[in-house]
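All figures in this text were calculated on a predicted structure; none of them were measured in a lab. In each ligand, atom 1 is the first atom listed, and ligand 1 is the first ligand listed.
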Amino acid sequence: MIKKNILDYTKLELASLVKPSFRAKQIWNWVYHQYATTFDEMQNIPKALRQELSNEFDILPLKIARKEVSSDGTIKYLFELRDGKTIETVWLKMRDESIDDEGNIENEARYTVCVSTQVGCKVGCSFCLTAKGGFTRDLSAGEIVAQVLAVKADNGLAASKRLNIVYMGMGEPLDNLDNLARAITIFKDEDGLSIGGKRQTVSTSGLSTKIDKLGEMDLGVHIAISLHAVDDELRSELIPMNKAYNIASIIDAVKRFPIDTRKRVMFEYLVIKNKNDDLVSAKKLVKLLHGIKAKVNLIFFNPYEGSDYGRPSRGDMVKFQEYLTTHGVLCTIRDSKGLDISAACGQLKEKDLQEVAQ
Ligand code: SAH
Ligand code: SF4
């Protein structure tokens with residue numbers, strides 16, 4: 001019998017399954033604070049309940065199938081799921097710890113985990129390696145949660161150490177909305193990983209109706225829109241789904257999305273050589289974002305073997321950025337973290353498959 005994964009359950013749900021219900025909080029403590037992987041370890045839980053739990057549940061650890069460490073501290077994991085399928089998760093060190101003159105920690109190190117939400121993806125973007133493998137299946141909430149647990153444990157990070165989550169790995173998060181919402185709720189729980197909505201960013205290729213649904217759920221998360229193009233013709237070439245959910249519909253959905261007044265909506269713009277790296281596009285982008293508290297993140301297209309597109313020059317990226325900045329749009333160029341490993345989404349998995357094939 002395949003057991004249920006305890007990581008799929010919210011604390012409230014678990015509390016309705018175990019008696020007395022306060023045991024749910026204790027179990028959560030073991031799972032999310034002590035990184036327990038068996039019920040036997042849970043010493044303050046009566047033996048009979050431990051037995052009952054292990055008959056019914058697994059605490060599903062992810063198996064590290066492959067791990068690449070970059071010189072800048074980025075670690076890319078290929079995790080194997082229970083059915084043998086693999087997904088990628090990236091651990092990013094955003095800031096090093098700094099120590100003051102007295103030897104005290106001045107600034108703590110900051111981490112972000114980039115998680116996958118599906119095995120493969122249905123959206124089929126022409127620039128994305130994940131898309132090439134097609135779609136296999138949705139991840140369960142527990143499989144999303146397990147990625148953060150696994151990287152925290154593998155890096156020996158104290159359970160109390162908070163980090164940020166970006167849903168920017170493999171898959172389209174809003175195409176798996178129910179499990180995504182459940183994972184967000186589990187992450188937020190203060191007896192668990194305690195990662196508030198403000199620390200979670202959902203990146204989407206722009207399913208406008210689902211952006212509305214996510215907004216209605218009022219989970220307090222940020223959104224990032226993978227815009228990549230300023231006119232529908234090019235956007236439909238890059239993201240075929242744009243034919244159904246065009247740029248105007250996405251901009252309207254963003255305007256309806258509940259956003260913390262102190263925050264900005266992030267627009268990701270993948271810059272592709274001779275496609276969208278010109279100042280005419282920059283000008284259109286400024287116009288498009290008028291009236292939105294936006295921040296644009298420029299991403300270098302990362303070529304892979306057989307890809308149709310080229311990496312833009314740094315000079316063009318900087319010119320693009322300067323145009324936006326001087327016209328009042330906040331804009332950053334994303335550091336290509338982990339460039340010496342297989343940085344962009346889907347590339348580690350691809351490498352693994354190639355090696356298996358050899
Ligand atoms: N499906 C969602 C979630 C993230 S996809 C979305 O599209 O927003 C993973 C991220 O990797 C996206 O930001 C995408 O723009 C980026 N990406 C995909 N292929 C890339 C490539 N070849 N080079 C650089 N970034 C790439
Ligand atoms: Fe899917 Fe995002 Fe890749 Fe597009 S970029 S195919 S939406 S994972």
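Within the structure, the closest approach of Gly171 to ligand 1 falls below 4.0 Å when heavy atoms are considered. Contact annotation: Tyr309 has no heavy atom less than 4.0 Å from any atom of ligand 1.
Of all atoms in ligand 1, listed by their number and element, those nearer than 4.0 Å to a heavy atom of Tyr167 are 3 (C). Ligand-side atoms of ligand 1 in range of Ser205: 6 (C), 7 (O), 8 (O), range being under 4.0 angstrom from any heavy atom. Ligand 1 places these atoms under 4.0 Å from at least one heavy atom of Thr204: 6 (C), 8 (O).
Considering backbone and side-chain atoms together, Phe301 places no N or O closer than 3.5 Å to any N or O of ligand 1. Residue Asn302 has at least one nitrogen or oxygen atom sitting less than 3.5 Å from a nitrogen or oxygen atom of ligand 1, judged on distance alone. Backbone and side-chain nitrogen or oxygen atoms of Arg334 are examined, and none is located within less than 3.5 angstrom of a nitrogen or oxygen of ligand 1.
Taking the six-membered ring for Trp and thresholds of 30 and 60 degrees, Phe79 and Tyr77 have nearly parallel ring planes, at less than 30 degrees apart.
Taking the ring centre of Tyr111 as origin, the terminal cationic atom of Lys93 falls outside the region bounded by 6.0 Å and 45° from the ring axis. For the pair Lys3 and Phe57, the cation does not sit on the ring face, since its NZ or CZ is not both under 6.0 Å from the ring centre and inside 45° of the axis. A cation-pi arrangement, defined by a distance under 6.0 Å to the six-membered ring centre and an angle within 45 degrees of its axis, is absent between Arg50 and Phe39.
Between Asp83 and Arg137 a salt bridge is recorded (basic side-chain N to carboxylate O distance below 4.0 Å). For Arg66 and Glu80, the salt-bridge test fails: no basic side-chain N is under 4.0 Å from an acidic carboxylate O.
Put simply, Cys125 gets within reach of atom 4 (Fe) of ligand 2, with an N, O or S atom under 2.8 Å from it.
With a 4.0 Å cut-off on non-hydrogen atoms, Glu172 touches ligand 1 through its backbone as well as its side chain. Residue-level proximity to ligand 1 for His228 is carried by the side chain, the only part with a heavy atom below 4.0 angstrom. With a heavy-atom cut-off of 4.0 Å, Phe127 touches ligand 1 through backbone and side chain alike.
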Trace of the salt bridge (charged side-chain N to carboxylate O under 4.0 Å, His left out) decision for Asp191 with Lys11: CA-CA 8 Å; Asp191 290 319; Lys11 192 180 65 206; 2.6 Å; yes
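Considering only non-hydrogen atoms, atom 5 (S) of ligand 1 lies nearest to Gly169 out of Gly169, Ser203, Cys128.
Side-chain polar atoms of Asp278 and Ser281 form a donor-acceptor pair below 3.5 angstrom.
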